Amino acid sequence: MNFVFISPHFPHTYWEFCHWLKQNGVQVLGIADAPYDALSKELKESLTEYYRVGALENYDEVYRAVAFFAFRYGRIDWIESNNEYWLEQDARLRTDFNVTTGIQSDRIRSIKEKSEMKKYYAKGGIPTARQIRAAEGYDAVRDFAKLVGYPIIAKPDVGVGASGTYKIENDGLLQEFFNHVGDYRNYVVEEFITGEICSYDAIINAEGNALFESMTVWPPSIMDIVNLKLDLSYYVDREIPESLRELGRRTVKTFGIWNRFVHLEFFRLDSDREGLGKKGDFVALEVNMRPAGGYTPDMINYAHSTDVYKIWADMAVFGESRTQQGRQQYCAFASRRDIYQYVHTHEEILSRYGDRIVMCERMPELFSAAMGQQMYTVRLENLEEVNNLVTFVHEKKQ
């Protein structure tokens, strides 16, 4: 098997996908714009060959790199980055090289554009927040706000995370949005739903069946964490509720997902919401056709005593998982910002949690706005211990 892995150096843990592909007998062919000497030792050892381009955004350069690999090694079987930023380019490359193991260009809108996602949710009977395109104009969006009630959320139709997102509280702020956001026609506006964000993280095989499933519980608003410089915490649950499992699987079938690691986001309602469900019900937010960001795949491994990098490589090569799971625990993340003073010192955290700490390091600058500067990731037995960890790490001096 010839597997072209786009941008295997970022995030830096993605060398593990390449490692397990190689262990499964695959020729792993890397393409990125980083100097070869800048690649980690582990990644270098996992690649059959590496092709450096001047810029991954330059499609012609990347196309020529894939063409070179095809000339040298024969037919390309897979092209993948597992990275949201390159989803569209991955699909274009698959289309141009007739690689059928993943999504091609004719399907990309349904997984990139939030407005298109809504059509698939409706098709599958999956509850989701009501939405309108900002391009319909101020009057139409104001009428929508009257229907669903303020606040409403405006966000780019194509985008990841909280970037470019606005919480609009009244008609005046809505008018300000239209006056000052130059690309508002590329936005969608949704009703505001309160509750936890729970992700269905799964590895899906060629038949659209889940080989592995997990749930991560996130804070309600990454936008507030970034804008208000709040501390971040989230956790991987030791088990997944059957209602979320059923909705996740139905979403996979509705969107026609196969051969992918997926990160599907849902709200867990904190109160009854007419037309959507009762408190505790799950409501679809959006689909992401890649692993969860940051160190979450590693947290999933620690929670379920497994290796999702290997399960994914097993899926790609064998169409099944040949990787076991062990003890089930919670795995919680709590981070700090350098701008605050905290009650408990770094040393006290290390002393209190000892060998239950599985990761403890400074966050890369790219992630620090959302995730803080210093992180602690800990394996725990129950939700009470998760809450105690967060309180202990985040308690600030007055």
Side-chain angles (χ1 to χ4, degrees), residues 11-13 151 153 155 159-167 192-199 201 214-238 263 265-268 270 285 288 291-303 329-398:
H12 73 84
T13 55
I153 297 293
K155 51 190 176 181
V160 183
S163 178
T165 300
Y166 298 86
K167 184 178 180 182
F192 181 68
I193 296 175
T194 57
E196 293 177 312
I197 296 176
C198 300
S199 63
D201 299 289
S214 178
M215 179 177 80
T216 303
V217 180
W218 306 82
S221 176
I222 293 294
M223 177 176 63
D224 286 346
I225 288 170
V226 173
N227 293 340
L228 303 177
K229 294 181 171 55
L230 304 178
D231 288 324
L232 173 66
S233 67
Y234 68 99
Y235 65 90
V236 177
D237 206 307
R238 63 185 298 168
H263 173 66
E265 295 179 354
F266 296 82
F267 283 108
R268 180 156 55 187
D270 59 9
L285 174 56
N288 297 283
Y295 295 102
T296 309
D298 304 277
M299 291 173 59
I300 293 172
N301 286 345
Y302 288 121
Q329 296 176 277
Y330 289 81
C331 187
F333 173 104
S335 64
R336 291 176 157 186
R337 296 184 184 275
D338 292 345
I339 59 175
Y340 299 126
Q341 288 190 313
Y342 296 89
V343 171
H344 302 289
T345 66
H346 173 73
E347 290 70 27
E348 286 175 323
I349 295 171
L350 299 184
S351 174
R352 181 183 177 107
Y353 288 99
D355 60 5
R356 289 185 291 174
I357 297 176
V358 292
M359 288 186 284
C360 173
E361 60 187 73
R362 299 287 294 179
M363 294 299 296
E365 187 61 32
L366 182 65
F367 298 149
S368 63
M371 304 187 76
Q373 281 80 32
Q374 174 65 48
M375 63 88 108
Y376 305 90
T377 303
V378 186
R379 276 193 288 207
L380 300 162
E381 293 298 325
N382 53 57
L383 195 54
E384 180 181 2
E385 289 188 354
V386 171
N387 293 331
N388 289 341
L389 167 75
V390 173
T391 299
F392 193 81
V393 172
H394 286 172
E395 187 177 2
K396 297 179 181 64
K397 294 181 178 179
Q398 299 299 319

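For reference, positions follow the sequence shown, starting with 1. What you see is a predicted model, and the numbers here were worked out from it, not measured in a lab.
- L383 places a side-chain heavy atom less than 4.5 Å from the side chain of Y235.
- Residue pairs meeting the salt bridge (charged side-chain N to carboxylate O under 4.0 Å, His left out) criterion with at least one member in residues 366-384, sequence neighbours excluded, are R327-E381.
- Two residues are said to be in side-chain contact when any heavy atoms from C-beta on lie closer than 4.5 Å; T296 and W218 meet this criterion.
- Applying the side-chain hydrogen bond (donor to acceptor under 3.5 Å, both in side chains) test to E385 and every residue at least two apart in sequence or in another chain returns nothing.
- Note that CG of D224 is 6.5 Å distant from CG of L230, once rounded to the nearest 0.5 Å.
- The two residues H263 and A292 come nearest to each other via the heavy atoms ND1-CB, 3.5 Å.
- In terms of the side-chain hydrogen bond (donor to acceptor under 3.5 Å, both in side chains) criterion, Q341 has no residue partners (sequence neighbours excluded).
- The closest side-chain heavy-atom distance from D237 to Y330 is below 4.5 Å.
- To the nearest 0.5 Å, the span separating OH on Y295 from OH on Y302 amounts to 11.0 Å.
- Scanning all heavy atoms of the two residues, the minimum distance from L389 to Y353 falls at CA-OH, 3.2 Å.
- Closest approach of V378 to V358, counting heavy atoms only: N-CG2, 4.4 Å.
- Here the CD1 atom belonging to I197 is positioned 12.0 Å from the OG1 atom belonging to T216, to the nearest 0.5 angstrom.
- Note that the CE atom of M299 and the OG1 atom of T377 stand 5.5 Å from one another [nearest 0.5 Å].
- At a threshold of 4.5 Å between non-hydrogen side-chain atoms, the residues M359 and F333 do not count as touching.
- Between the side chain of R336 and the backbone N or O of V393 there is at least one donor-acceptor pair closer than 3.5 Å.
- Rounded to the nearest 0.5 Å, atoms CG (L380) and CD (Q329) are 8.0 Å apart.
- Here the shortest heavy-atom pairing between H394 and A334 reads NE2-CB, 4.0 Å.
- Across all non-hydrogen atoms, the minimal contact from C198 to M215 is CB-SD, 4.0 Å.
- Separation of atoms CD1 (I193) and CD1 (I153) is listed at 10.0 Å; rounding is to 0.5 Å.
- Ring geometry for H344 versus F392: interplanar angle under 30°, hence parallel rather than tilted (30 to 60°).
- No donor-acceptor pair closer than 3.5 Å links the side chain of S351 to the backbone N or O of E348.
- Side-chain contact between P291 and D201 is absent, with no heavy-atom pair separated by less than 4.5 Å.
- Of all non-hydrogen atoms in C360 and H346, the two that sit nearest each other are SG-CE1, 3.6 Å.
- Not a single side-chain hydrogen bond (donor to acceptor under 3.5 Å, both in side chains) links S335 to another residue, sequence neighbours left out.
- Side chains of M371 and Y234 form a contact here, defined as non-hydrogen atoms less than 4.5 Å apart.
- Listed by first then second residue, pairs satisfying salt bridge (charged side-chain N to carboxylate O under 4.0 Å, His left out) with a partner in residues 388-398 read D231-K396, not counting sequence neighbours.
- Between I225 and P219, some side-chain heavy-atom pair lies under the 4.5 Å cut-off.
- The side chain to side chain contact (heavy atoms under 4.5 Å, CB included) check on R362 picks up D338, Q373, Q374, with sequence neighbours excluded.
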